[in-house]
2 protein chains.
Amino acid sequence: MKYDSNSEGKEKILVASILLFAETGFDGVSMRDVAEKSGLTPAALYYHFPSKEQLYFEAVVFAFRKVAKIVADAISAASTPTAQLESVVDVASRMLAENRNILRLMQWIKLDRNEERLRRFGAAAFQDLYLTMYRLASELAPQFNPSALAVSIIGIVIFPFEAHAVFQFLPGYDDLEGSRAHFLKHVVTLLSDGFVGAPQAAKAPATSIA
Amino acid sequence: MKYDSNSEGKEKILVASILLFAETGFDGVSMRDVAEKSGLTPAALYYHFPSKEQLYFEAVVFAFRKVAKIVADAISAASTPTAQLESVVDVASRMLAENRNILRLMQWIKLDRNEERLRRFGAAAFQDLYLTMYRLASELAPQFNPSALAVSIIGIVIFPFEAHAVFQFLPGYDDLEGSRAHFLKHVVTLLSDGFVGAPQAAKAPATSIA
DNA sequence: GTCTATACCGCGATAGAC
DNA sequence: GTCTATCGCGGTATAGAC
């Protein structure tokens, strides 16, 4: 856990800045904000990081290393591909519900137009995560394009949490993500059986639309 | 098509600002930027709109009115629920591929933390769209929670286009969204049959992972 | 390793001429 | 209906003391 003599000081700054970057994005966070949250002055930040850009990069990589480990562990814990899918959807939906930082960081990154930054993030933070889901998709369903299936699985899990911010104000919206058991069942049933093959039992409680 | 005596002037500003807000979001666009793109000065914008906030609101509503119409038309054009699903996925994926503005505007809105703004957007821009998908989900599969199914369908179509910005740099990634025919077949097969019930024929061409 | 002080720039918005 | 000019604020980053 030790990197160099400055790592404790840097880590305090990284933890504080993850919260801020997740909330308002790279451009929405000022070095003054980070300094205040870290209990330092702006000038002190520039002793540890050469620029706001580099601070952002290190903060994002720091945050996503943990995610990659959680997902890899969830897959290792199950034996059959189907059980692995259920396991990974379960831990992912728990993480997304309890920790909005990861979700929002990913949203900001999808909107980033800085290609250099995206390449660095891909290599340092997302490659392992994607490859893990690619392999799972290959084993789950050889008849599908594994890349497309992996993206579909990731999207069907993540998107509802992203959209919740907007959909919560619409009439007829059911907050299924609030009930993890129902959400898990919905996702796994839809992915495995589709709406043609799924049995009646798949139905989760629904409020009537106004 | 006529609203009031100022509408032509306002519309020119709205069209210009939609492009800018889609690219860099509310905070990333300055009134100076909008003025330059509209061929006016910042002070002139304040004759047509009382604030940057109100300009943003009108621009988003203006953009999404067209989307709601396109989706509603796609559903009207087909008779059975299954055909309606295929039709709506088809036009949506075409729109998302050809017009990044709508996709990115939606992404910025999902990240917005201004509840008042989200309520206004919901009522003015997204309510009809959501209700249309809710009804389609109900008819497609009564055994699923219609709200959850509607969100899943929307997510499985939209998410790949959002993630493309990041995933394009990862080894093994297949740009299936670039081939609309394959993407359409993938989505409809997965949603209707799942990976258990889908026939071998569902497979789309794949590059091998490195 | 952290501070105070500051250079320099771009922001939303407004006043008042035309 | 559009302009020029400007106010007051907050942004990144740096110089130099301690």
Side-chain angles (χ1 to χ4, degrees), chain A residues 1-60 62 108 111-114 116-117 120, chain B residues 1-60 62 105 108-109 111-114 116-117 120:
Chain A
M1 279 304 155
K2 86 173 200 182
Y3 308 97
D4 63 54
S5 59
N6 297 329
S7 58
E8 316 81 28
K10 285 184 73 164
E11 192 161 318
K12 182 180 62 177
I13 298 170
L14 289 176
V15 169
S17 62
I18 286 170
L19 304 177
L20 295 169
F21 284 131
E23 194 62 23
T24 50
F26 180 78
D27 291 330
V29 174
S30 72
M31 293 300 262
R32 287 172 167 94
D33 296 335
V34 177
E36 188 178 4
K37 195 130 187 165
S38 315
L40 297 172
T41 59
L45 301 179
Y46 284 90
Y47 172 81
H48 295 282
F49 301 92
S51 64
K52 182 184 173 185
E53 175 75 32
Q54 184 63 18
L55 167 60
Y56 179 60
F57 178 76
E58 294 193 30
V60 169
F62 186 83
W108 290 114
L111 275 164
D112 202 334
R113 302 240 96 164
N114 184 327
E116 167 65 14
R117 221 190 260 158
R120 294 179 75 199
Chain B
M1 277 301 156
K2 89 172 197 184
Y3 309 98
D4 63 54
S5 58
N6 296 328
S7 60
E8 318 79 28
K10 285 183 74 164
E11 191 160 319
K12 183 180 62 176
I13 298 169
L14 289 176
V15 169
S17 61
I18 285 170
L19 303 176
L20 295 169
F21 285 130
E23 194 61 25
T24 50
F26 180 78
D27 291 330
V29 174
S30 71
M31 293 300 264
R32 288 166 170 87
D33 295 334
V34 177
E36 189 179 4
K37 194 130 186 165
S38 314
L40 296 172
T41 59
L45 301 179
Y46 284 89
Y47 172 81
H48 296 281
F49 301 91
S51 63
K52 182 184 173 186
E53 176 73 34
Q54 184 63 18
L55 167 59
Y56 179 59
F57 178 76
E58 294 193 30
V60 169
F62 186 84
L105 275 181
W108 290 114
I109 292 165
L111 275 164
D112 202 334
R113 302 239 96 164
N114 184 327
E116 167 64 15
R117 219 190 260 157
R120 293 180 75 198

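Here is the naming used below: chain letters follow the sequence lines, and residue numbers restart at 1 for every chain. Every value quoted in this text rests on a predicted model; they were computed, and no experiment measured them.
Separating the CZ atom of A/F26 from the C1' atom of D/dG11 is a distance of 12 Å, rounded to the nearest angstrom. One can place CG of A/L45 at 13 Å from P of D/dT14, the figure rounded to the nearest angstrom. Atom CD in A/Q54 sits roughly 16 Å away from atom C1' in D/dT12 (whole-Å rounding). The separation between B/H48 atom NE2 and D/dG1 atom P is 7 Å, rounded to whole Å. Regarding B/K12, its NZ atom lies at a distance of 10 Å from the C1' atom of D/dT2, rounded to whole Å. Summarising the geometry, the separation between OH on B/Y56 and P on C/dG12 is reported as 14 Å, rounded to the nearest angstrom. When the P atom of D/dT12 is taken as reference, atom CD of A/E53 falls 12 Å away, rounded to whole Å. As a whole-Å value, the separation of A/L20 CG from D/dG11 C1' is 15 Å.
Remark: B/D112 engages B/R117 in a side-chain hydrogen bond (donor to acceptor under 3.5 Å, both in side chains) (not counting sequence neighbours). By the side-chain contact (heavy atoms from CB on, under 4.5 Å) test, A/E36 pairs with no residue at all, sequence neighbours left out. A/F49 pairs by the ring-ring contact (aromatic ring centres under 6.0 Å, His included) definition with nothing, not counting sequence neighbours.
Regarding contacts with the backbone of D/dA13, a side-chain N or O of A/Y46 is found under 4.0 angstrom from either OP1 or OP2. Phosphate contact (OP1/OP2 of D/dG1, side-chain N/O of B/Y47, threshold under 4.0 Å): present.
In plain terms, the two heavy atoms of A/K37 and A/A16 that are nearest each other are CG-CB, 3.8 Å.
Pairs of residues two or more places apart, or lying in two chains, that qualify as side-chain hydrogen bond (donor to acceptor under 3.5 Å, both in side chains) and include a residue from residues 20-30 of chain A are A/E23-B/R113, A/S30-A/D33. Among residue pairs with one or both ends in residues 26-46 of chain A, those qualifying as ring pair (Phe, Tyr, Trp, His ring centres under 6.0 Å) are A/F26-A/Y56; sequence neighbours excluded.
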Base-contact (B) and sugar-phosphate-only (S) positions in nucleotides 3-11 of chain C, heavy-atom cut-off under 4.0 Å, - elsewhere
BB------B

